[in-house]
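Have a look at the structure below, then the notes.
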Amino acid sequence: MYGRKDVARTMITTGELKKPAMKKAGVKQLSAKQAVAKQLAAKPLKSVTKQQKWRDWRWQLQNRITRIEEVERALDITFDATQKTALTETIEKFPLSITPYYLSLVDSKHYEDDPVFMQAFPRTAELNVSRADIEDPLHEDADSPVEGITHRYPDRVLFHVSNVCAMYCRHCTRKRKVGDTDYNPQRSDYEAAFDYIENHPEVRDVLLSGGDPFLLENETIAYLLERLSRIKHVEVIRIGTRTPVVLPFRITDQLVNVLKKHKNLWINTHFNHPQEITPEAVAALDKLSEAGIPLGNQSVLLAGINDCPVLMKQLVQKLTRHRVRPYYLYQCDLSEGLEHFRTDVGAGIEIMESLRGHTSGFAVPTFVIDAPGGGGKIPVMPNYLISWSAHKVILRNYEGVITTYEMPQDYKRHQCDSFCQTNAKAHKEHRVDPIGVDRLLRDTNDTITLMPMEVVSE
């Protein structure tokens, strides 16, 4: 492939190439790989080839773009003095860090509207804190019984293993932690989290999050997975990572060999736009899926980036083509400085309307609002149930066709306790006290009203 993206990638690699030199070198006539090799040839290389240098994930991390001037040079753009002053104030609060690979995906001729650029480069709007913004909107810190653990749902916990990321996404819900190196734990620092999980047998699912767990060393990742695997009641281990998107070279054969030892492992990544699904990203996904690891994707709905039904359909279809199942589409959280990214909830519902029935069911993510205050993920979707009576329901489909479904005339509901006696052992092992609306629905529970805590305390 030729053109502006190759130029961007070449300039990022050298950090020095200017306009006249670019023309002299004839970069536009070279492929991306050739251009990188040509420019790296001028630098001393020891044990690695020029291609290996670009594809080395450690080199990518060591050469992350952290200053405005580096972005200007890489994309051959210039911000005026006023813009630069305002942008500098922004990155003093919310740091800038972009991998050379990810910045190379930017269309430098139209960078202001480029979906990659908008996710990676700061905007002064980040300093605008609206009345709805919250430093910790998901109540993660308050729901943390011990360092590194967030326990919000009955049977699963989030295990915060690091604050380090390959790139600082501008829409990050944990912006309060971006650039914070205070919590980059040693192995001994994980013990309180392991103890908590071991002492809570209801926890069957552990999600490793961060930061990005894949920015840890292979040995540390192996230790975490092996340690969790020794806890008998942990049935599922998940890892949330954006490295296939922003640093696909991190998915090495050595890392995959560590991961594939664990048959209960799931990986969720974070593609927001079809432009991010590059040959390099696909190669990383292929390595993971060919190792037998189930892959999911969690996108965030972002104004001006992916709030388009046509574009979102392209994204989910590309993902499923490469064996990644769309899992969640998040309404953008209420973290500080994200209001310019947030859309109306109706934009998300419109997207869901354009997907359900219009593409494969397994390609349709669940649109959710992660409720402020630690309420958890609440699914939001178009209303397909129009009405119902004692004997039938009225439904509509994706085309607007209205139909009915008639109830069975002689259905008699079984009492849960007596019904489950057919497998008494399983019933005993898996029975837990219901909470929330589920508690109101259970025949075996006497609760008839849920009361807000504020009312109860009064």
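Below, each value reflects all heavy atoms present in this structure, side chains not excepted, and no hydrogens, waters or symmetry copies.
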> Quick one: is the NZ or CZ of R250 closer than 6.0 Å to the six-membered ring centre of W57, and within 45° of its axis?
Replying inline: yes
> Does NZ or CZ of R187 fall inside the cone over Y223's six-membered ring, less than 6.0 Å from its centre and within 45° of the axis?
Replying inline: yes
> What's the verdict on side-chain hydrogen bond (donor to acceptor under 3.5 Å, both in side chains) for N272 and Q119, showing C-alpha distance, side-chain angles and the deciding distance?
Replying inline: CA-CA 9 Å; N272 286 328; Q119 292 180 71; 2.9 Å; yes
Donor-acceptor under 3.5 Å ([X] side chain, [Y] main chain):
X    : Y    : value
E290 : K287 : no
S360 : F362 : no
N297 : R325 : no
N397 : E399 : yes
R227 : L224 : no
E147 : A193 : no
R396 : N383 : yes
D114 : D107 : yes
N199 : Y196 : no
H340 : R342 : no

Taking the side chain as C-beta and beyond, is there a heavy-atom pair between [X] and [Y] under 4.5 Å?
X    : Y    : result
T320 : P326 : yes
V324 : F271 : no
K313 : L355 : yes
V368 : I378 : no
L259 : I239 : yes

Determine the minimum heavy-atom distance between [X] and [Y], stating which atoms define it.
X    : Y    : value
Y101 : Q60  : N-OE1, 2.9 Å
L315 : H273 : CD1-C, 3.8 Å
P309 : E350 : CG-OE2, 4.0 Å
P382 : M352 : CD-CB, 3.8 Å
L103 : A74  : CD2-CB, 4.0 Å
A120 : M167 : CB-SD, 3.8 Å

>> Side chains of T220 and N218 only: does a donor on one sit below 3.5 Å from an acceptor on the other?
In response: no
> Strictly by modelled atom types, are H262 and S229 linked by a side-chain donor-acceptor pair under 3.5 Å?
Replying inline: yes
> Given the rule in the side-chain contact (heavy atoms from CB on, under 4.5 Å) test, do D155 and V203 qualify, once you have shown the distances and angles that lead to the verdict?
Replying inline: CA-CA 4 Å; D155 70 340; V203 175; over 6 Å; no
Answer with yes or no after comparing the ring centroid distance for [X] and [Y] against a 6.0 Å cut-off, counting only values under it.
X    : Y    : result
F367 : Y330 : no
H110 : F117 : no
H171 : H270 : yes
F159 : Y190 : yes

Inter-residue atom distance [X].[atom1] - [Y].[atom2], 0.5 Å rounding:
X    : Y    : atom1 : atom2 : result
F94  : R123 : CZ    : CZ    : 13.5 Å
T241 : D212 : OG1   : CG    : 3.5 Å
L319 : T269 : CG    : OG1   : 9.0 Å
L302 : Q331 : CG    : CD    : 9.5 Å
I197 : E202 : CD1   : CD    : 11.0 Å
R238 : L207 : CZ    : CG    : 5.0 Å

> Does a salt bridge link E198 with R230, judged by any charged N lying under 4.0 Å from a carboxylate O?
Replying inline: no
>> Which label fits W54 and W59: parallel for a plane angle under 30°, tilted from 30 to 60°, or perpendicular past 60°?
In response: tilted
>> Is it true that, when you exclude R321 itself, more than 12 heavy atoms of the residues, nucleotides or ligands shown sit nearer than 6.0 Å to its CZ?
In response: no
> Should Q298 and L329 be marked as a side-chain contact (heavy atoms from CB on, under 4.5 Å) after you check the CA-CA gap, both sets of side-chain angles, and the distance that decides it?
Replying inline: CA-CA 6 Å; Q298 302 183 144; L329 172 62; over 6 Å; no
